[in-house]
Amino acid sequence: MTTEEKYMARCIELARMGAGHVSPNPMVGCVIVHSDRIIGEGFHQKHGQAHAEVNAINSVTDAVKLKESTIYVSLEPCAHYGLTPPCSDLIIQKQIPRVVVGSIDPFAKVAGKGIERLKNAGIEVITGILKSECDELNRRFFTFHQKKRPYILLKWAQTSDGFIDKDRSAEDYGEPTWITGPRALLRVHQMRAEEDAIMVGTNTAEKDNPSLTVRLIKGKNPLRIVLDRQLRLDKKLNLFDNSTETIVFNGLENHRYKNTEYIKIDFNDQLLPQILEVLHQKNILSLIVEGGEQVLKTFIDAGLWDEAHVYTGHTYFGKGIKAPMPPGITGQSELIGKDKLVIYRNTAT
């Protein structure tokens, strides 16, 4: 690993500390180096607050050294006024002579303009250091801006013989059919805290009565989304408790009640593009699709997914509702307690 890669790797490490807090902004880390020694660090901590470059510059105790330093940043410094001023202007103002960048920002208001502004000010700019790792870090942000939709993560638990549920009658509704253990559940709640939204279909809402909130760890709740074409779901279900923001996509009406927004779409037309367009307009960078079988299959058949997180427990059903099969390649695989998690990547997207 080169010296520049070493410092960029630290930028990535810092950037990850903003996971679950900065969306719809990207995760960004920044390191300032003087005479091969780190004199300042920072990361983007929360949406609407200071960017990584600002936090790193403010952490430097001897500001005179900035004029002889290199600033490393995992994503191109911004060049526009948003909720905060342009970071490229701050770098110019502080007369930092050298900037090393990982990824080029895909956001149209930046997209090379930050680098151009720095170069026009006589600053040396190096790009593409650990580019693939920096791109991977912000794959949600890149997908959102390049494909105009959220990054989509399918998630389900299946038994050792490949079923996601039993054939249940109405008398068995109200609680999920547990397949995996407590450590896997903790991991699922961590996932929820780091993503923007989570979706279930009508049948899952009715059968499992999920809350789709973060309860086992400290973190924010994702935006809850439920499909209910005819608005037939019982309003006593947990999804309608108004404890957190919720969207009900339906075929009948538009209105809002407290934290629950009802959005009418055409269920006779292509369903997913309509939903994803609404979520894009609402700046939702990532979406967990948690079921059920029909909803998962719809996303898979349309090729509209980026990752599939599949938990396999030791439970054996013998019969029931078969788990879908993602047409991806096996990526990360790990044991979580007694359960196995495999994360598939959609190589066609």
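Below, each value reflects all heavy atoms present in this structure, side chains not excepted, and no hydrogens, waters or symmetry copies.
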Run the salt bridge (Lys or Arg N to Asp or Glu O under 4.0 Å) check on K155 and E307 step by step: do they pass? CA-CA 8 Å; K155 176 264 165 188; E307 296 180 16; over 6 Å; no
Intermediate values then yes/no, side-chain contact (heavy atoms from CB on, under 4.5 Å), T246 and N242 = CA-CA 7 Å; T246 304; N242 285 297; over 6 Å; no
Exercise for the section: Determine, stepwise, if the pair R224 / D241 fulfils salt bridge (Lys or Arg N to Asp or Glu O under 4.0 Å). Expected result: CA-CA 11 Å; R224 303 186 297 195; D241 63 6; 2.8 Å; yes
Q.
The test is side-chain contact (heavy atoms from CB on, under 4.5 Å); show your working for W156 and L296 and say whether it passes.
A. CA-CA 9 Å; W156 69 86; L296 289 166; 3.8 Å; yes
query: What do the steps show when you test E116 against K113 for salt bridge (Lys or Arg N to Asp or Glu O under 4.0 Å), and what is the final call?
result: CA-CA 5 Å; E116 181 182 6; K113 297 181 181 67; over 6 Å; no
**Asked** Taking it one step at a time, do L153 and S286 satisfy side-chain contact (heavy atoms from CB on, under 4.5 Å)?
**Response** CA-CA 8 Å; L153 306 101; S286 60; 4.2 Å; yes
task = Check the pair D228, R232 against salt bridge (Lys or Arg N to Asp or Glu O under 4.0 Å), reporting the backbone distance first and the verdict last.
result = CA-CA 7 Å; D228 186 9; R232 68 175 178 80; 5.1 Å; no
Pair F142-D135, side-chain contact (heavy atoms from CB on, under 4.5 Å): steps then yes or no: CA-CA 8 Å; F142 276 70; D135 289 353; 3.6 Å; yes
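Looking only at side-chain heavy atoms (C-beta outward), T70 and V99 stay at 4.5 Å or farther from each other. Using a 4.5 Å heavy-atom threshold, the side chains of L185 and T180 count as separate. Between R192 and R215, some side-chain heavy-atom pair lies under the 4.5 Å cut-off. T312 places none of its side-chain heavy atoms less than 4.5 Å from the side chain of V342. Counting only heavy atoms from C-beta outward, the side chains of M199 and V226 never approach each other to under 4.5 Å. For the pair C134/M8, a side-chain contact is recorded, criterion being any heavy-atom separation below 4.5 Å from C-beta on. At least one side-chain heavy atom of L227 sits under 4.5 Å from a side-chain heavy atom of I275. With a 4.5 Å cut-off on side-chain heavy atoms, I336 and Y311 count as touching.
Ionic pairing of E334 and R187 is present here: one or more N-O contacts between side-chain nitrogen and carboxylate oxygen are shorter than 4.0 angstrom. Salt-bridge formation is not detected for the pair R16/E194: no Lys NZ or Arg NE/NH1/NH2 atom is positioned less than 4.0 Å from an Asp or Glu carboxylate oxygen.
Under the 4.5 Å side-chain heavy-atom criterion for ILVMFWY residues, no single connected hydrophobic cluster contains both V22 and F144. Follow the hydrophobic side-chain contacts under 4.5 Å out from L233 and you never reach F249; the two are in separate clusters. At a threshold of 4.5 Å between side-chain heavy atoms, the hydrophobic network of Ile, Leu, Val, Met, Phe, Trp and Tyr places V200 and V248 in one connected group. Cluster annotation: I32 is connected to V101 through the hydrophobic network of ILVMFWY side chains, with a link wherever side-chain heavy atoms come within less than 4.5 Å. Hydrophobic clustering (side-chain heavy atoms under 4.5 Å, transitive across Ile, Leu, Val, Met, Phe, Trp, Tyr) groups V295 together with L154.
In summary, the side chains of E277 and Q281 do present a donor paired with an acceptor at a separation below 3.5 Å, with no hydrogens or angles considered. Judged purely by distance below 3.5 Å, without hydrogens or angles, the side chains of E68 and H34 pair a donor atom with an acceptor atom. Under the 3.5 Å distance criterion, with hydrogens and angles disregarded, no donor-acceptor pair is assigned to the side chains of Y151 and N138.
For NZ of K322, the number of neighbouring non-hydrogen atoms (other residues, nucleotides, ligands) closer than 6.0 Å is greater than 12. Heavy-atom contacts from other residues, nucleotides or ligands closer than 6.0 Å to CD of Q294 number 12 or fewer. Few gaps surround NZ on K6; more than 12 heavy atoms of other groups in view lie less than 6.0 Å from it. For OH of Y257, the number of neighbouring non-hydrogen atoms (other residues, nucleotides, ligands) closer than 6.0 Å is 12 at most. Crowding of E253 atom CD: a count of heavy atoms from other residues, nucleotides or ligands under 6.0 Å exceeding 12. More than 12 heavy atoms of other residues, nucleotides or ligands sit less than 6.0 Å from atom NZ of K220. At most 12 non-hydrogen atoms from other residues, nucleotides or ligands lie less than 6.0 angstrom from NZ of K218.
At least one donor-acceptor pair under 3.5 Å links the side chain of N254 to the backbone N or O of K264. No side-chain donor-acceptor contact under 3.5 Å links Q49 to the backbone of Q45. The main-chain N or O of D105 is found under 3.5 Å from a side-chain atom of E76 such that the two form a donor-acceptor pair. Not one N or O on the side chain of S211 forms a donor-acceptor pair closer than 3.5 Å with the backbone of N238. Checked by atom type and distance alone, the side chain of S88 never pairs as donor or acceptor with a backbone atom of G114 at under 3.5 Å. In this structure, T213 contributes its side chain and N221 its backbone to no donor-acceptor pair below 3.5 Å. With hydrogens and angles ignored, the 3.5 Å screen pairs a side-chain donor or acceptor of S160 with a backbone N or O of T315. Panel note: side chain T159, backbone Y316; no donor-acceptor pair is recorded below 3.5 Å.
Screening K282, R256, K258 for a salt bridge (charged side-chain N to carboxylate O under 4.0 Å, His left out) with E245, the sole residue that qualifies is R256. The residue from R140, R139, R345, R149 that alone fulfils the side chain to side chain donor-acceptor pair (under 3.5 Å) condition with D306 is R149.
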